[in-house]
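Below is one structure, written out as structure tokens; the observations come after it.
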Amino acid sequence: MNTLIKNALIVPMTKDGYTYRGDVKIEDGKITDNPNFKADKIIDATDKICMPSLVNTHTHSSMELMRNYKDTSPDLMSWLSEIFPLEDKLVDNDIKWASKLAMAEMIQSGCTAFNDMYFMQHNTCDALLESGMRATIGLTFFGNAETCKDRSKIHEELYSKYNNKGNGRIKFSVAPHAIYTTPAESYKLAKEWIIEHPGTILHTHMSETMTEVNGVLKDFGKEPLKYLYEEGVFDGIDVVLAHGVHLTEEEIQICKDNNFSIVHNPSSNCKLASGIAPIAKFLKQGINVALGTDGSSSNNNLNMFEEMHLAAMISNVSNMNPMATTPYQILEMATINGAKALKIDDKVGTIEVGKDADIILIDINKSHLTPLNDPLSALVYAIQGSDVDTVFCQGNILMENRKLLTMDIDEVIKKTNECWKDLLSR
Ligand SMILES: [Zn+2]
């Protein structure tokens, strides 16, 4: 279906400060300037901001099940010790419905691409194909090399079944969980797997807490990133590091020199009191910084607008500078920088002719958006995820006038609640 989005306030995310009133033509799933374009559907977007849909560059979609659970744990490690035993009891049906719920939540708040790390991923892949979204699915490595070798066989099947499925909407990363659960030898296996499967990236948690950093310092005499880097586990591959809260100057330089992307997860870092990642410093160094929600159990939602708001707030206050990070930089983190980290920036992340139509329309006819004044500022500081009205991915409409078109949300909520109840009784 060819769609004409008419008279929108367009924020193309191609240049700081650049917005304009105009049309976007969607033909065969892509943004076009075809002069002979004929629309099957016309959307009047006079009261809408039109911008690229958001990229959630670090999440654990199926952790939806553990939302608002054990929130009184004193830190990341004790919280994880509550979560891990529960995860051991998860079955396919849990992952299926939790994945669907995560996708519903992300679409409803303007996100169409995410970078996932979890397990029993075939359920997430099937749900993704139905949802119409796109994702980079993590082939998770967790534990010693022997365990990871066993997992490699399952990963191989998953990769051959789903890679590039859904018109290229499914991509894969290899995702060694973190240095405190998964030793360097397992990271080396991950690297080998990536080299054998071009187009895959490495996605891992890095320097999230001081407990993690101190543990690696004690065991290996170096900080986590420096240690793994010097072990050669990142040689010749594309790397996405979630968190990077406690990187040293030397480690920041390693990220810069090797084009590693860092994913900022402000809600999770604030909630678990892990610390504040110095994103203004990263950006100043020219490092690609993206934005993620982390899992909904450490957030406790998957709302990227809330994440943008918080990222801006804590960057400003931690630097005692209200312009430490500009609204445009924050918006880049949530769009094109996420796309760059996932190596899909040739397709998504900006509104440009030739790119896939991964687009959102945001209703600005709202009390909290009046007067709008600066749209970039509004997008970071005032707009709510629930202001997203219509969502496209590859030109297909996933939500229109707030109604999800690719799933029955009532059924998804009901089934997820049933799964949670059942999980607790196992
Ligand atoms: Zn995480």
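Order of listing sets the numbers, starting from 1, for every ligand and every atom in it. Computed from a predicted model, the values in this text were never measured in an experiment. Position 1 is the first residue of the sequence, and the numbers go up from there.
- Atom NE2 is the N/O/S atom of H60 found closest to the Zn ion (ligand 1).
- D294 has its closest N, O or S atom to the Zn ion (ligand 1) at the position named OD1.
- The nearest N/O/S atom of H205 to the Zn ion (ligand 1) is NE2.
- Other residues, nucleotides and ligands contribute only 12 or fewer heavy atoms inside 6.0 Å of the NZ atom of K347.
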Next item on the list: Could you go through the side chain to side chain contact (heavy atoms under 4.5 Å, CB included) check for Y328 and M13 one step at a time?
Entry: CA-CA 8 Å; Y328 189 73; M13 293 305 302; 3.5 Å; yes
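- Checked against the 6.0 Å centroid threshold, H197 and Y159 count as a close aromatic pair.
- Summarising the geometry, atom CZ belonging to F114 is positioned 9.0 Å from atom CG belonging to L302; distances are rounded to the nearest 0.5 Å.
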